[in-house]
Structure formats: structure tokens, C-alpha cells
Amino acid sequence: MAEKESLLSSSDSDANEKQPLNIQEGSGSDGSPLSDESTSKGYSTISGLDDVFAGLPDHDAETLREQVHVSPVPASFLRLFRYAGRKDIAILALGVVVSVAEGIMRPLLAIVFGAATQEFTDLPSGSMMSYFNGSYYNWYNSTYAGYNNTQGLSYESYNSTGYEYGYNYVDNSEFVRNVSRFSLYFLLLGIAVTILTFTKTFVFIDRADVLSSRIRENYLAATLRQNIGYFDKLGSGEITTRISSDTVLLQDAMSEKVSYVISHSTTFIAAIIIAYSRSYVLSSIIIGNVIMIILTSYFGSKIITKFSERSQEGYSVGGSLAEETISSIRNVQAFGIQDRMARAYDSFLATSEKWGIRVGYASGLRSGLTFLFSLSIDTLTYWQGIRLLTEGKVNVAILMTTAFTLSQGAFAFTIISPYLTSISTGIAASTKIFATIDRKSAIDSSSEEGERLAEVKGDIELRNVRFIYPSRPNVTVLRDFSLKIPAGKTVALVGASGSGKSTIVGLIERFYNPLAGEVLLDGHSILDLNTRWLRQKIALVSQEPSLFACSIFENVCYGLIGTPYEHASDVEKRELVVDACKQANAWDFIQTLPDGLDTGVGERGILMSGGQKQRIAIARSIVANPKILLLDEATSALDTKSEGVVQEALDRASKKRTTIVIAHRLSTIKDADLIVVMRTGEIIEQGTHTELLYRKGEYYNLVQAQSIEALKETTESSDSITEGEEADANTEIELSNFGSALAGVQTKGTVASTIFHKKVEVTKPASTVDIISLLYNISRRDLTILLIGLYSGAITGMAYIGLSLLYGTAIQRIQEYNNPNDYALLRRTVYTVAAFLFMQAVVLLITSCASGSMFGYSSSRLVRRIRALVFRHMLRQDISYFDDSEHTTGALTSSLARDAQSIESIGGATANKLVESIVTSFGGFIFCVAFGYKLGLVLLSALPVMLAIGYFRFQFTTAFSETMKGHHAKSSTYACEATSSIRTVLSLTREQEILAGYRRTLAVIIEGNRIANIKSAALVAIGRGMQYYVMALAFYYGGILVASGEYSLNQFFVIFIIVVFGLENATTIFSFAPEMSKALQAGRNIKKLLDSEPDIDAWSTEGGVIPADDINGEIEFRDVYFRYPTRSDVPVLRGLNLSVKKGQFVALVGASGCGKSTTIGLIELFYRPQWGTVFMDGRDISTLNVSEYRKNIALVQQEPVLYAGTIRYNVALGSPSTLTDEEIIEACRLANIHDFITSLPEGYDTLCGTKGSLLSGGQKQRIAIARALVRKPKVLLLDEATSALDSESEKIVQAALDEAAKGRTTIAVAHRLSTIQNADVIYVFENGKILESGTHQQLLANRSKYFDLVQLQALEKN
């Protein structure tokens, strides 16, 4: 654990180091849920943004505000049951009635107890012979005169016939018969309690499952119907946290805990009623304490709810950061920012921890005050009750019934504290969920309102449109913009990044509402059309294609939603899908996959290359033959050959339909009917390709920027290398010689085969002792706090034994001093007991406050440490870990939120009550054996039965939790995937289909839970009934012992009362069995992750380090074979050999899926080859220290990754050291983004939004390039780094990259060949090997593959 401790320390230290989001660890100390500074950095909830619209005209402000505003919803317990139908209400009503009936059983027990006590104290003293041994006058032959209830209760007299020394034989058979009768009452009460407990427990657990599922479903439905502006500042991680974590809290607040609160509250109320019915005088004396208990509970719960809300809000925002980080794990590892992201995440955990600690303090104080007022009831009962007894106003039965009833009532209130805390926490968690559910979306895709046109021609017009993004109200994107797009025509939009091209697509899709002007379809304003119907008539292919974690076939079929083929047979669908894939040039690569169309694409299409993803997305868009086609950089990720084929397919698909194309690669739009050139939201010029070239304006300059140098007359083909010249015996190993097909021959294929088919070791789940040890090690820093809480809880638990001694003493004295002549002595004795009771009340106030506060404090700190540790260990794992389908972003984000919460569920108030209950139960039984071994041992025999019941319930729920774990992970992944790709989901109108799938997943969970709930409820009921059965045994056997004179009244009642308290507490222990089993399962998940050591470990200190001054940046691949671990049957690299010299600019080109990006991944040490070696400066990179090695490399990916912070923060992530503003500005200048940044109102402090959602694709790409350049790497890796740039920006950025490449090795993957024509060496890939290599001119002279690619991209002949 040494390593883990050192890692953990980073979450609690580094106080002076600037946090990535400028959030200090103590953020939130101003009392707000999150500090203003954290909100300003992009991690904020939607509500609270209204003020930013204050400077806008009223209409504009209102239009923008309605797209982002979320009205807060007040916390309410009854609101949790808002989705209960008539059937649910009837079932819940039954549960309430049964809970009330079960709660009444305890006061009935007190009545029986009071009557039985009267029987004991009335027992003729002759039966006490062995105890008194003739040393005291015995009252005998006493005649009970009765009492008169005309003006209240009063004792008249005992008519005694005389005193006499010695013994008198008394027949005790009547006493034994009466005791047997009372024992039968206890037994009958036990049977009733067993039946009632089973019913109420099952009803509430089952309905909680059903209703929480409906809440989850409605929350997801509400989320999916929100307008896009809602998501611009709300991360999908926050949504995942709420749907997987907060709904669990809601479920807890509706579960059997409600039945416990109802039954215990009923006990409390019934106790007051019964007490008043027996003696209104005594009850009126002590009612003040009852009121104080109610007020303590009410105000305590309100404070706890308030603090819980703020704690959950702090974490849910951190959940978005975690989701962003995990979903971009390649970028995180490439830049080595794991520690910085972990510290940023920890800053939100600090906010959550702070409010969680306050919850613990409030809970402890509430518990302590409840104890004080509860025991004050007993104090007043004996103090004033004994006075009323000696005055003849009450008898022993009334006194004891009143005392025991109110004690039971008060005790019932003390043990509902953790249940109330859980309910309060659930109510707090509900506010954000119901706020989203109740939010009226500005653009509601689920609404049936709006016109549906009988026929769509496809005429689109934007008329005088003015637009501002709600998340960036200070920047006007479109200014009085007008454009007509005739039906069936293809219109291309070109221009610099940020000019408003993608905004037009968003307005046509009705992702946003314009501030002024209107968007028309066939002359109808799209505001008047049904949103869902409109989107079904439009097909969209985005710049960053989103695929879903299912098969290729299912992904393409999503394009059929809303068409007549949506519910067609699989055969019909497959024909359409195959045809669409052929048109999109995807069919050839699909056929090479093991499962063809049924091949899974992985989470977000991670198992596909960028080009493959885009082709699948194109197939999805054209499969339904839509009337309107929107292509937002649809071919940017395709290789040149694929682009040509796909473009031809798109050209064919565009005929007879309206097509809007956004393109930076101008070769793809030269045949468009109209080309519109835009700048800063305005049209600069428009016309056809030929017309615009003739004008030699803006478009002409863009074309010139993309021109490719023609073949020079002098050929140098002799220097180029072709496949035949390069090939040798090693590189000619065929696929059949590489995979598992070759057996018995010692070749490289055997090695690879062995690696891929190695046996997976099945690890045994961690034991309970292992989990406790793990939690102890994590909590060791708070050991003193835990010990204080433990000792305080133990003292509180032992107090019940003290109470029993005091009660027993009081009853003994009442029996002894039953003579009016001894009433003065009786009062003095019992007053002393009352004084001790009050002392104990004060002690319990202190110890209960201390234990509750200390456990709450340590629990909150433990949760923070667990989440920090788990998050860090997640980021430690190598990339293959995240490729696994079990480790999707949704599943990991959900686990991060849920597992720590499960551990927390047995901390705080729950841990406090568990310690109290364990000490009371086991300490009480041991004391009983010591105090009266006969009765003690008999009653102790019930303990193993209670333990067995609790153990079986614990084991059962633990096993069941493990079984259902996969279903819960699946549902979380489903929701996370949908919300993280919300634009794609809305454009495909997948909302209903997603909800249907989510509903099916939840139905499986509910059905699986039902049988488990029945078994669990049965075990709880048997355990609960055992209390009464043991009481019956205690009274029967105890009565015989008292009647025979073996036991005194004091011995019997002390043991009996301890048994009552002990069994009540033992039942309380096992009521937490579900929480304990969830905690155990969570502990196993946590330990499994913390114990895992990745093959490629960025934390490891092992491995060689090349001194920075000695790094030249020479890269060599020598006979490299590689297959992805998750697709081991698909070879990617098949004997790759290439070398990159110091300072060279090397380009990798070839078809999508040929291994270019894989090569980049191997250089980054994301994976290790199964055979062959990758060298840097002559050293095998697998022998180098991973972290130090990556510091010399910078990566710019095909899909740029930005985080929800400022532009300054995102650029600064590129450097492992602190940067000056000048360094950041210089990098942005090189990346051609500085001028754009300074044009923004907040400059470098402008928020990027979740995953950079507030910026255009080109702007994101340039910031990502700046982040790479600020790193000053020795090796620069560009994986389609300029694919999202417009031509003008690309030319400038390419010049900057050329300048930046000087003195460093640069390896670029490119499909746009104009960007790499100046490369020193161009490697042409095909099927995982090098087909040819050379300079641009050499390869053109070769007239092979590369020559063909250049011809496909030529815009015009020179």
C-alpha cells in the first residue's frame, strides 16, 4: 500500500500548486454549492446563467434564456412518488397500513409488559424466601382493594392483616399461569409482527424498484427531449452520475426505510396515545420532551437535506470532468495529464467532502439531542411517576406501561435517525432530477405539436437570420443572413472556421432557435413544423461521426427510423443496409471483418478507424433516401481513394434531393450547383466553381492554397522504393502464417497466436477481510477520528446496559418498598435512579454527537479518497483496458460514482448505529449470562439464530448484487452513450428507440430483483419476529425462576430489558444487510482496480530514460506485426518496416484502416506490437520509462479533444511545466488561433464548453495544435491534424507546422495530400505494410498508388 498511499497524498497536498481549473481545494467555502470561480471555468449547472443575458435586448435575452434556464424544484418527500399509478398507490397504501399495524405492536408489547410487571410486583413475598432468607418482614395475605377511576386513577389501600416473621407457604401456580398467559401474548405478537414485517418490507422494496425505474426512464426521456443549448454547459458525465448514482439515493428514500420510519413513528405516536390513556397527568409532565424530539427530527432533517444537496451538486459536476477525461483517455495519456486531471477532479471532491462532513455533524447532533430528550422522558417518568405512585394516583402497571411505552417510543425515534438521513439525502438528490424532468424544452422533439407537410420538395431558405449561441451571448454568429437553397440542388458552404457554416446546419436541424429572421422549408417556417417530423426528413453526417456501441448493421439501421422501413423485416433491412454500405464505399472493408455487418464497432466506434466510422455514418445517412442531406465535413476523415468513391456516391445521392455541403477540402464540392463563401456570419461571394475561379476572389485564393505541386519533368523514381524492392523474407510473411492457423511451426505467427490465445486467469473475489483491510489502509490517516467515533459509539451502546440496570433497580425498589410507611425511602431511592438517568442522558448527548460527527467526518473523507484513488487508477490503465466492452465510459463513470457511494452508505449515521447496535446486542447478551447465567444462557441461544438469519441475508444480497451488476452497468452505459452523442441521437430521432431499449434493461433489473426482494423480506421478518419469541421465552422461564425464588425481581427485569434492547438493535444491524452487501461488492470492484497493474504503466519508475539533450527523435519500425487485443482475429500491421531520421517530416498515406493511426498509437506506446520492435534513437521503446518517453512526443488527433475549461487552460495542458502567458500566446500564434481568441470578449479566458462544444471544429483543431506546439516536443505526431481546417487556415497552420517541424521529427497521417507534398519521405500504406515510399515528386514519377491518389484530389489542371 505504500505506493497507493503516496498516490493518495497528491489529492490532499499540492495546495500551493495552481490547479488546472484554478479551483483551490477549499473551493466552495463561501457557502455556495460551488465556488464562483469553479462555475466560471465551465463546470457549472445550467441554472444560474440568467445574468449573462442582462445586457441584451429583452426579446433576445428571453429567447436565449428559455434555451438554457432550468427552474429549481423544491425538495419534497411526496414528490418522490409522483409516478405512482393507482395500482402503486393501492399497494403503497397497503404497505403504509401494514407498517402502522407493525408499529402498534411495540406499544402493545409495552401494555403486556406493564400488566406483567404488575403481576411480578404483586407476587406474594413468600415466594421470595431464598432471597430474603427470613431477614425482613413479609407482607402476606394482602387483599387488593382495587382502584377508583371516577376522577382519575388512584390507589385506595392495601388491607393488610398483620406482620409476622418467618416464612409462609404460598401457592404460586396462579402466578405461573398468568406469566404463561403473558408469554402466549408475546408469542402471538411475534407471529403478527413476522407477517406484518414481511408484507411491509416487500411492498416498499418492490415499489421502490418500480418507481425509481420510472424516474430513471422519465429523467432520460426528459434529457433526450431537451434542446441542444441545455447540453452546451452540461456534461454527459453529470447526466450519467444522476441516472446511476442519484437515482439510487432516490430509491433508498422510497424503499423499506420508509416502512421503518412509518412503523417507528407509529410506535412513537401510539406510545403517546397509550401513555395519555393510562395517565394523562404523568404524560403531560413529559410531553415537552416528546415535542423536542419531533422538532429535533424536523429541523435536523431539513439541515441534512440542504447540506446533502450541496454535496451531491459538487460531485455531479466533478462527474462530468471524470466522463470527459475517461472518454478522451488517449489524449490524457499522450500528454501525461493524468495527475492534473485527477487534481482537478479532486477539487470537486473537496467541495462534496466539505458538505458531506457537515451532513455528518448535523446527523450526530440530531442523534445526540434525540438521546437527551428520550432519556429525559425516562427521568421524568421515574421522578414524577414515583411521586404519583406514592400519592395513589397510579399503580405499578400504569407507571411501568407509561414508562416502557414512552421508552419504546423514544427508542423508536432514536433508531430512525439513519433512515431519515437516507430519506433526506434521497430528497436532496431528487431536486436536480425533477428540475430536468419538469423543464419545458424550448425545442421539444417529443412534442406532437406542429404541422406535418403532406409532401416535401426540399426548398430551404434562411431569411434575415440573426443568431447567437446561448452559451456565448456576447458573440454574434450570423448577422442578417439570407440564403436560398432550391429543391434538388447542391449548395456548398465554404469559409474560415467560425464563419457560421455549421451553425446553419444546426438551425436547419432546429437544434437552436434564431433570434431574428426565419428558416423556411417549402415556404413554411420550421418553427411551425413538428420537430421530430422535420428531423426525419433530413439526414445529417457530422464532422465528427458518432457511432453507437452495437453492430454495423444496427448503426446503419438507425437511419431508417421514421421511414416505412423502420419496422421492416431483417431481410429487407439488410438489403437496404448492404446497398447503402456499397454506395458509401464501406462494403469492401466490412466484408473483411470476421462478423461482417454484425461486427461490433465498440463504444463510440472506437474499434473502427476514422475513415471507417465516417463511411458507416454516410451509409446511415443515405440508407433511407432522405429528401434533404446535410454533410458537415462528411468526407474529412476519408482517404483520397475512398473519398473519391464516396463523393461520387454522394453526388449520385444528391441528385433529386436538396444537399447542403460544408467542406474545407474543395475538391469535394467543385461540382456543386452553388458555392457560398462565408466570413464572420456573412456571405462574401457565391457562384459555381468555375464562376468563382474566374472572379479570382476569396474562393480563388482558397483553391490556390490547396493546389498540389505537379510532376516535375526530371524524374527521380530510381530513388523511390516500391513494394518489390523493399520486400524481404520477413515482410512477406502471409496472414496464414501469422495467425492461429499455423500450428506446430515455430514462427512469428505462433508467438502472436500464443499472445492472443493465452488463458485468461480468473481471480478469486476479495474476501471481507481483504476489503476491511483495504478500507483501513485508505482511512488510516483518520484513525484517531475513527477511534473517537468507535469509542463514543461503544459507550452509547453500553449505555443500554446501564439503562437496564437502572430500570431493574427501580422496579426492585418498588416491589421492596411497597409499604406506605416506606414511601419516603422509595422516593429517595427512585429519585437517585432518575438522577442517574439524566446523567446518562447527558453522557449520551456527548457520545452520540461525537460518534455521529466523527463517523460522518471520516466517511466523507474516505469517499473522497476512494474516488480520487479509483479515478487515478483508471487513468493509470493502458489503452487496451478502455477498449474492453466492459470498461465503457458510461460503465466506468457510473462505477466511480456508485461504488464510493455504496461504501458511504455504511458510513456516517449508519456506521454509528451499527457500532451502537453491535455493542448493545453482544455486550448485552454477555452481561445477561454474567448477571444471571440460567436465564442468560437460555436467551443467548437465540443469538446464533439471529446471526444466521443476518448472515444468510447478507450472503444472498451480496451474490445477487454481483449477478445484477452487469445489468446496471449496461443501463448506465446505454444512458451515457445516448447523452454523450446527443446531436446524433436527435438528428436520427432515436429518442423513442433509446427509451424503449432502456426500458427493457430496467424491466430485466426489476424482474430479477423481485424474487430477491421476497427472500430478503422473509429473512427480515423472521429476524424481527424472533424478538418477540425470545421475549415470550424470557417471561415464561424468567417467571418460573422468580416464582421459585432463584432470581430476584431485579435480576429478571435487568436481563429482560437488556434482551428487549439487544434484540431491537440486532434487528437494526441486519436491516442494513443490503447496504453491507453493496458495500462489499463495491469494495471488491475497488480492490480489483487498485490491485491491477497495466502492461504499459505510466506510473512505473522502471525503464530507461534517454537524457533530453541526447534525444534525436529517430523512429524505426522493424518487422512489426500488430492486432488490437479486442479484435485479435483481425491483423492490422503485417510486417511493417519504416524509418524516420532526425528532423525529418514523414507522411503516412493510404486507405482507411490500413494501419496509419495504429502506427501513431504504437509510437505513443498506447500498445505494444505482438512481434517486431519499435525503436527511438536505436533503443527499444518497450524498455524505456513510459512517462519520461511520452514527454518527448506531442500528438494532435483526428478528432480534437478539448476540456470544459478556458482556452488558456486547454493550451496549458500541453506542457508538463507551468507556462507564462507569452508562451501560450506564441503557441496560439503558430497555430493561427491567436487572432480569433483575442476577438472574443473574454479572450483566453473564454470557456470551451464540455468537450469543446462551444467552438467550431476548426477552432478546436487549432487549439489542439497549439497545445501540441507548446509542449516543444522532439517528435510531433499529426493524425489528420488539419482535416477540420478551412483552406485559408490550413495553409497558414501548415506553414506554422512546417516551421515548427524544423529541428524535430514530424510524422503526419494525412488524407489531404496538399498538406504533405513537402514531406521528406511519404510512406504509402496498404494492408498493414509499406507499398511504396519516397518524396512527392518521386512517387508521382512512379505513377503507382500515390499518383492515383493525387489525381483524385486535383482541383484543376495546371
Side-chain angles (χ1 to χ4, degrees), residues 46-47 49-50 53 56 59-71 218-234 236 239 435-453 460-463 465-473 477-478 481 500 502-521 524-540 542 546 561-562 628 630 632 978-995 1249-1250 1253-1254:
I46 296 300
S47 57
L49 293 175
D50 297 29
F53 306 124
L56 298 174
H59 173 266
D60 291 2
E62 184 58 33
T63 301
L64 295 174
R65 187 176 289 115
E66 72 173 354
Q67 293 184 64
V68 296
H69 180 66
V70 181
S71 300
N218 278 277
Y219 177 68
L220 183 59
T223 302
L224 294 178
R225 73 167 179 263
Q226 300 304 321
N227 53 282
I228 292 296
Y230 173 83
F231 296 94
D232 283 345
K233 283 203 173 185
L234 185 75
S236 58
I239 295 169
T436 300
I437 291 175
D438 293 342
R439 181 180 186 269
K440 182 173 174 55
S441 175
I443 305 169
D444 189 353
S445 60
S446 67
S447 173
E448 294 300 321
E449 297 179 1
E451 186 181 356
R452 292 175 169 85
L453 303 181
I460 296 175
E461 180 181 0
L462 286 85
R463 186 182 297 169
V465 171
R466 183 164 55 86
F467 179 75
I468 295 174
Y469 281 103
S471 51
R472 215 162 62 221
V477 181
L478 296 179
F481 185 89
S502 295
T503 300
I504 292 172
V505 169
L507 289 172
I508 294 172
E509 278 276 6
R510 216 189 157 202
F511 288 157
Y512 301 93
N513 286 332
L515 295 182
E518 55 185 345
V519 181
L520 305 173
L521 173 63
H524 297 78
S525 171
I526 64 171
L527 298 180
D528 299 328
L529 301 177
N530 179 268
T531 303
R532 182 176 173 83
W533 173 88
L534 172 69
R535 290 172 180 165
Q536 287 174 347
K537 301 303 175 186
I538 301 172
L540 170 66
S542 300
S546 293
I561 294 175
I628 300 169
L630 305 179
D632 188 356
T979 53
S980 62
S981 305
I982 188 64
R983 279 175 168 78
T984 304
V985 169
L986 295 180
S987 66
L988 292 172
T989 62
R990 273 198 66 201
E991 301 96 311
Q992 295 304 318
E993 185 268 337
I994 286 171
L995 284 174
T1250 302
S1253 61
L1254 303 184

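Quick note: residue numbers are just sequence positions, from 1.
- Using a 4.5 Å cut-off on side-chain heavy atoms (C-beta onward), V465 and E518 make no contact.
- With sequence neighbours excluded, the residues forming a salt bridge (Lys or Arg N to Asp or Glu O under 4.0 Å) with E62 are R65, listed by chain and number.
- Interatomic distance, L462 CG to I508 CD1, rounded to the nearest 0.5 Å: 5.5 Å.
- When side chains are defined from C-beta on, Q67 does not count as touching Y230, because their heavy atoms never get closer than 4.5 Å.
- When every heavy atom of Y469 is checked against every heavy atom of L64, the shortest pair comes out as C-CD2, 4.3 Å.
- The backbone N or O of T984 sits less than 3.5 Å from a side-chain atom of S987, completing a donor-acceptor pair.
- Distance check: F511 CZ to S445 OG gives 10.0 Å after rounding to the nearest 0.5 Å.
- For the residue pair R535 and L986, the shortest heavy atom distance occurs at CD-O, 3.3 Å.
- Checked by atom type, the side-chain pair T531/R510 shows a donor-acceptor distance below 3.5 Å.
- The distance from the CD atom of E509 to the CG atom of L630 is 5.5 Å, given to the nearest 0.5 Å.
- Residues E991 and R532 are paired through a salt bridge, judged by an N-O separation under 4.0 Å between the basic side chain and the carboxylate.
- Listed by chain and residue number, R225, Q226, T436, I437 satisfy the side chain to side chain contact (heavy atoms under 4.5 Å, CB included) test with A222 (two or more places apart in sequence, or in another chain).
- Contact of the L224 side chain with the I982 side chain is registered, since non-hydrogen atoms from C-beta on lie closer than 4.5 Å.
- Between the side chains of N227 and R439, at least one donor N or O lies within less than 3.5 Å of an accepting N or O.
- Rounding to the nearest 0.5 Å gives a distance of 5.5 Å between CG of L995 and CD of Q992.
- Residues I468 and P473 share a closest heavy-atom pair of CG2-CA, 3.4 Å.
- For the pair L453 and L529, the minimum side-chain heavy-atom distance is below 4.5 Å.
- Tested against L534 for a side chain to side chain contact (heavy atoms under 4.5 Å, CB included), the candidates I628, T989, I526 yield a single pass: I526.
- Within the structure, salt bridge (charged side-chain N to carboxylate O under 4.0 Å, His left out) pairs that include any residue of residues 442-452 comprise E448-R452 (at least two apart or interchain).
- Counting only distance, with no hydrogens or angles, the side chain of N513 and the backbone of T63 share no donor-acceptor pair below 3.5 Å.
- The side-chain heavy atoms of P514 and L507, taken from C-beta on, include a pair separated by under 4.5 Å.
- Remark: side-chain polar atoms of R466 are not paired, donor with acceptor, to backbone N or O of L478 under 3.5 angstrom.
- Summarising the geometry, atom CG belonging to D528 is positioned 11.5 Å from atom CG belonging to L521; distances are rounded to the nearest 0.5 Å.
- S71 approaches A435 most closely through the heavy-atom pair O-CB, 3.6 Å.
- Distance CD/E66 to OG/S441: 9.0 Å, rounded to 0.5 Å.
- Summarising the geometry of F467 relative to T503, their closest heavy-atom pair is CD2-CG2, 3.4 Å, with the distance given to 0.1 Å.
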